[in-house]
Amino acid sequence: MSKHAEIRDLPRRVGAVVTLSGWVVKNRPSGKLVFFEFRDGTGVCQCVVERTEKTESFFDTAKHLSQEAAVVVTGTARPEDRAAGGFEMHVTDLAVVGASTDYPITPKPHGIDFLFKRRHLWFRSQRQWIILRIRATIIDQIRRFFNDNGFVLIDTPIFAPAAGEGSQTLFKVDYFGEPVYLAQTGQLYLEAACMAHRKVYCFGPTFRAEKSKTRRHLTEFWMVEPEIAYASLSDVIDVAEDFVCSLVDRVLRDHQRDLIELGRDVSQLERIRKPFYRIRYDDAADLLRGPRPKELLERDLAAKTARLAELDQRVAELEDRQKQGGVKQWEKDKAAAEVIDLREERGELAEQIANIPHHLKLATEFTWGGDLGGSDETIISRLHDRPVFVTHYPKHVKAFYMREARDNAKVVENFDLLAPEGFGEVIGGSAREEDYDRLLHRIHEEGLPQEDYEWYLDLRRYGSVPHGGFGLGVERTVAWICNLKHIREAIPYPRMMGRFYP
RNA sequence: UCCCCGAUAGCUCAAUGGUAGAGCGUCCGGCUGUUAACCGGCAGGUUGUAGGUUCGAGUCCUACUCGGGGAGCCA
């Protein structure tokens, strides 16, 4: 590793001669002066090379520095408001370590397909760099939270026999001639472990072969799952609440500037405080069928229709202006770029508007017994100003292992956590059925082969206790906290239906 | 599996069924305060694939491929 200084230390190295190693972000040569923006993995700073006798030997090199060329620069840094990153380096020496020609990701707009085919380069870009750093912080905080609260890490297998939660779509793997599946949860294994360690968690990649192409789905994603012995449903929800608060607090503490850079409304995150709302499925169903979704969606419709008209007017204005004489080329470019953005927003708005009646219909015609749909979750979360736990779903839409409510055999003691601002479900969890007879009955009811679950039934034969846990999807959480439109930016190498390169 | 949308230069996008264009980027030249934003110039195309309609198809029709969004399902 180099002994070079780092950009993040520049505030403490003002005036000193330092050597930085990194990459050129962009270069603006102009006659006898060169500005180039430079990043080193710890931050960005602007470098300036003036043409003098001292810089003569490398001035021409500086002038032709291309995007993403790897360079080592020496000079003195000082604060500079006009510079990206807040610091400016006056370069006294410069060497190119690795050239870069025709770097494909330019400062101009690119399509999403183009960028994901170049994901290996894309995450050098500022915005992606910030997101992945926040992801790293969130993962660090996940581990800290559980380690600091007496949970023992238990790694669960990725190759799993067919028996999972039941009707899930899993990836099949040839395991020495026998079929096994990529795990979609470590939960059953954790239940066994929590009878040994009391509080346990697993954390790793998990796989779903669902053919979902939406902004909320990946086929490979990271999930953390705690499991606690001698715990009731409300005990588990308490842990989930503290846990989510700790994640948000940590990101607010360590990434204030990053969040602003991402355009995140930080005040929305600052509202994430205990207690979250806790409503039952029945209440959610009443809420959906009541007057409030209609009011919400009608307000939406009005607001979106108004915005649409605004966009159309703005586009017309810009197009008119482009036709007039005396407009500078760069002004035309800027206008054209704005028109493209506006049209994109318009397309999204139009689709949202078209979906509103459908979502309203789904909500108002919601019948007891069904699972909450994505749009239903969005409506519920938008009708609350903090995260919402929805509990006690109908038994027959949920997994066999969930604990039957003792006062109502039609529902189970489960919960989903809906993130605010319409980000949807980030946690699913439940109390587990600890009663041998009830569990066995459910296994048969679901048509699952009992022999595959004998080991699991053992947990109910030998000192069974009330217990429960939950799973939190890391990418959905990152997307929520960073305010990302699409979950695929929340993971370094997204795996989605039809996409597995690079 | 179903529904909607899309594919034109390296990139982002134009082009009433009638000669395929612009900007950016690249490269070259100029510029001492740049930041997606200066000026001038060069180069850049089998309009996703295969059929069809037509005097004529980037444009219309059919199928396919790939991509985007959504439903279902889910973290």
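Proteins come first, then strands; the chains are lettered A, B, ... in the order of their sequence lines, and each starts at number 1. A quick note: this is a predicted structure, and the numbers were derived from the prediction, not measured.
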Rounded to whole Å, the CZ-P distance (Arg215(A) to G68(B)) equals 12 Å
Heavy-atom nearest nucleotide on RNA chain B taken for Thr219(A) and for Thr101(A); more 5' hit belongs to Thr101(A)
Q. Ignoring hydrogens and angles, are the base of C11(B) and the side chain of His110(A) linked by a donor-acceptor pair under 3.5 Å?
A. no
Margin query: Does either side chain, that of Tyr401(A) or that of Gln187(A), offer a donor lying less than 3.5 Å from an acceptor on the other one?
Written below: yes
Next on the checklist: Mind checking if Gly498(A) touches a base, just sugar-phosphate, or nothing, with heavy atoms under 4.0 Å?
Outcome noted: sugar-phosphate
Under 3.5 Å, is there a donor on one side chain and an acceptor on the other for Tyr393(A) and Asp416(A)? yes
Query raised in the report: Quantified in whole Å, what is the P atom distance between nucleotide A43(B) and nucleotide A37(B)?
Result: 24 Å
>> Can you see if the side chain of Arg488(A) gets near the phosphate of G69(B) - specifically, an N or O under 4.0 Å from OP1 or OP2?
In response: yes
*Between G67(B) and U49(B), how far apart are the C1' atoms? Round to whole Å, please.*
15 Å
Q) What nucleic acid atoms does Asp416(A) come within less than 4.0 Å of, heavy atoms only: base, sugar-phosphate, or nothing? A) nothing
**Asked** Which value, in whole Å, describes the distance between the P atoms of nucleotides C38(B) and U47(B)?
**Response** 32 Å
His358(A) atom NE2 is separated from G69(B) atom P, nearest whole Å, by 18 Å
task = Begin with the C-alpha distance, continue with both residues' side-chain angles, and end with the deciding distance and a verdict on ring-ring contact (aromatic ring centres under 6.0 Å, His included) for Trp222(A) and Phe203(A).
result = CA-CA 7 Å; Trp222(A) 284 64; Phe203(A) 186 29; 5.6 Å; yes
- request: Would you indicate what Ile105(A) reaches in the nucleic acid, counting non-hydrogen atoms under 4.0 angstrom: base, sugar-phosphate, or nothing?
  value: nothing
To the nearest angstrom, the CE-P distance between Met497(A) and C2(B) comes to 11 Å
Which of C74(B), A71(B), A75(B) is nearest the side chain of Thr214(A)? It is A71(B)
Discussion item. For a quick check of understanding: with a heavy-atom distance under 4.0 Å over all strands, which category does Arg118(A) fall into, base, sugar-phosphate or nothing?
Written reply: nothing
Of the candidates C73(B), U1(B), G68(B), the side chain of Lys211(A) sits closest to U1(B)
Taken to the nearest whole Å, CG/Asp102(A) to P/A43(B) is 18 Å
Taken in chain and number order and not counting sequence neighbours, the residues that satisfy salt bridge (Lys or Arg N to Asp or Glu O under 4.0 Å) with Asp140(A) are Arg144(A), Arg250(A)
As its Watson-Crick or G-U partner within any shown strand, both distances under 3.5 Å, C64(B) has G48(B)
Check: What interatomic distance, in whole Å, is found between P of C39(B) and the corresponding atom of U34(B)?
Finding: 14 Å
Lys117(A) NZ to A7(B) C1', in whole Å, measures 11 Å
Checking A75(B), U34(B), G68(B) against the side chain of Arg28(A) (C-beta onward), the nearest is U34(B)
In whole angstroms, the gap separating P of U35(B) from CD of Gln126(A) amounts to 17 Å
- Query: Does the side chain of Glu191(A) pick up a donor-acceptor pair with the side chain of His467(A) at under 3.5 Å?
  - Reply: yes
Note to self: Please classify the nucleic acid contact of Ile427(A) as base, sugar-phosphate, or nothing, using heavy-atom distances under 4.0 Å.
What the structure shows: sugar-phosphate
Across all chains, not counting sequence neighbours, the salt bridge (Lys or Arg N to Asp or Glu O under 4.0 Å) partners of Lys395(A) are Glu404(A)
**OP:** With C1' as the reference atom in both, quote the distance from G48(B) to C2(B) in angstrom, rounded to an integer.
**Re:** 24 Å
In 5'-to-3' order, the base (B), backbone-only (S) or no-contact (-) status of each nucleotide in nucleotides 28-33 of chain B, using a 4.0 angstrom heavy-atom cut-off, is ---BBB
Does either side chain, that of Gln46(A) or that of Glu80(A), offer a donor lying less than 3.5 Å from an acceptor on the other one? no
Original post:
For Phe36(A), which contact category applies under a 4.0 Å heavy-atom criterion: base, sugar-phosphate, or nothing?
Top reply: nothing
Problem - Sugar-phosphate, base or nothing in reach of Arg499(A), heavy atoms under 4.0 Å - result: sugar-phosphate
When rounded to whole Å, the NE2 to P distance for the pair His217(A) and A75(B) reads 9 Å
In whole Å, what separates the P atom of U54(B) from that of A15(B)? 27 Å
Check: Less than 4.0 Å between a side-chain N and a carboxylate O, is that true for Arg78(A) and Glu88(A)?
Finding: yes
Winner on side-chain proximity to Arg208(A), out of U12(B), A75(B), G69(B), is A75(B)
**Prompt:** Expressed in whole Å, how much space separates the C1' atoms belonging to A9(B) and U1(B)?
**Reply:** 38 Å
note: Leu218(A), atom CG; C74(B), atom P; distance rounded to Å ~ 17 Å
Side chain of Thr106(A), base of C11(B): donor and acceptor closer than 3.5 Å? no
Looking only at U35(B), U12(B), A71(B), the nucleotide nearest the Pro109(A) side chain is U12(B)
Angle between ring planes, Phe145(A) versus Phe243(A), binned at 30° and 60°: parallel, tilted or perpendicular? tilted
